Amino acid sequence: MIPYSRQTISFLDALYVARQVKFKSLTQGLQIKNFEEKVAKYVGARFAVAVSSGTAGLHLAHLALGQNNGSKVVTSPISFVASANSIIYAGQEPIFVDVDPDTGNISIEKLQEVIRMHQIKTVVPVHYAGFPCEMEKIYDICKKESIYIVEDAAHALGAQYSTGEKIGSCKYSDLTVFSFHPVKSITTGEGGIITTNNEDLYIKMIRLRSHGIERNDQPVQDEILGLTNGKRNAWYYEMLQLGFHYRLTEIQAALGVSQMRKIDKFIKKRRKVAQRYNKFLKKLSNLDVLKSSENMSGAFHLYPIKIKFDRITISKNDLMQELRKIGIMSQVHYIPIPLHPYYKNLGYTIDQLPHAIDFYYRILSIPIYPGLSILKQRKIIRSLNKLIG
Ligand SMILES: Cc1ncc(COP(=O)(O)O)c(C=O)c1O
């Protein structure tokens with residue numbers, strides 16, 4: 001079976017993790033710091049905070065920005081539910097804006113419209129499939145209105161802005177959040193990281209990641225409990241606010257450090273796979289390659305194609321079943337978030353999101369990952385040609 005995506009773990013990755021498990025710390029040790037430094041250096045950000053998932057990272061990002069309960073936060077409907085759920089965890093209100101049909105990223109015009117209509121506090125652009133959003137434009141729009149930007153870069157470690165910097169450098173945002181779920185650019189099993197250039201946000205997130213507890217760095221607030229003869233007590237720690245247990249383990253961080261050695265190789269391979277798809281699939285008349293797929297600055301977490309179902313007789317469900325029968329897995333990214341029953345019950349509708357709906361009906365992600373062989377890719381292209389060509 002060819003999966004739509006899969007992790008790439010080498011024997012050396014496994015050895016490095018085994019060494020951590022057997023001989024080093026399992027939690028709260030040096031490997032987390034090491035991993036954070038490696039990711040921060042790679043993306044070109046001052047700070048990085050490793051967390052237990054991308055979702056946890058998005059939650060902490062909203063908490064660190066400290067907007068009031070009920071604040072309105074814009075995000076994309078074409079995303080995994082975590083992009084919106086994390087806004088609700090922080091007591092705020094997601095507002096969905098329609099997408100650009102060529103990329104699946106939020107539409108700049110629709111963003112401007114929504115900012116005119118509502119008092120928006122934060123924008124969460126999602127780099128869909130690893131293709132960079134138009135961050136310069138989003139930054140200019142948001143800066144004028146003092147709106148914070150949190151990039152949901154779960155798909156986009158290794159991608160670059162059109163100006164050349166890596167996503168995660170936060171050139172156009174306050175915070176950027178990555179996910180290390182197995183099918184992402186690199187994996188820690190489960191995990192995530194937030195990058196920022198803002199020291200104040202960094203300190204807040206470090207504290208929130210671990211129960212809201214301050215251990216060593218800051219002066220104690222309660223000097224009677226915390227000090228003996230003016231010196232900090234060895235056992236002493238203070239909980240200053242309600243935080244969470246969102247720590248990554250040292251074992252996961254070890255896998256992350258080992259995987260980071262290969263990030264450039266992984267992205268290069270993904271881009272090669274995408275180039276081959278672009279070349280052959282563009283010849284098929286019943287599908288469109290996303291415009292963004294031709295932009296090699298993406299991380300190619302996914303390779304979505306837009307199928308012209310109105311011109312062919314096979315349905316999306318039957319197409320997925322037929323592909324499966326011949327050993328090819330595919331997936332739909334994504335069911336628009338407001339269509340999920342939870343969001344419908346909150347009163348969300350898709351009335352203002354015609355492009356997101358059309359995108360959902362047409363889109364299908366076909367396999368892409370660094371280890372996808374040319375032979376397997378040829379089989380995928382041949383099969384698509386036969387079924388919908
Ligand atoms: C766009 C997007 N945002 C956020 C997340 C959440 O990441 P995690 O699964 O690490 O919590 C995902 C996960 O797949 C995602 O695809």
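Indexing begins at 1, ligand by ligand and atom by atom, following the structure's order. Everything quoted here is computed from the prediction, not taken from an experiment.
Between Asp288 and Lys306, no side-chain nitrogen of the basic residue sits less than 4.0 Å from a carboxylate oxygen of the acidic one, so the salt-bridge criterion is not met. Salt bridge Lys171/Glu136: absent, no basic N to carboxylate O contact under 4.0 Å. Using a 4.0 Å cut-off between charged nitrogen and carboxylate oxygen, Asp100 and Lys110 do not count as a salt-bridge pair.
Counting only heavy atoms of the protein, atom 2 (C) of ligand 1 lies nearest to Ala154 CB, 3.4 Å. In terms of protein heavy-atom proximity, atom 6 (C) of ligand 1 is closest to Thr55 OG1, 3.4 Å. When only non-hydrogen protein atoms are considered, atom 16 (O) of ligand 1 lies nearest to His155 NE2, 2.8 Å. In terms of protein heavy-atom proximity, atom 9 (O) of ligand 1 is nearest to Ser179 OG, 4.0 Å.
Summarising the contacts of atom 14 (O) of ligand 1 with Lys184, His127, His181, the nearest heavy atom is found in Lys184.
Judged by the 6.0 Å and 45° rule, Arg261 forms a cation-pi pair with Tyr16. Lys143 forms no cation-pi arrangement with Tyr172, by the criterion of a distance under 6.0 Å to the ring centre and an angle within 45° of the ring axis.
In terms of N/O distances under 3.5 Å, ligand 1 is approached by Asp152. At a 3.5 angstrom cut-off on N or O pairs, Gly54 counts as close to ligand 1.
Only the side chain of Tyr334 comes within 4.0 Å of ligand 1, judged by heavy-atom distances.
Screening Asn286, Leu287, Leu319 for a side-chain contact (heavy atoms from CB on, under 4.5 Å) involving Ile312 leaves a single residue, Asn286.
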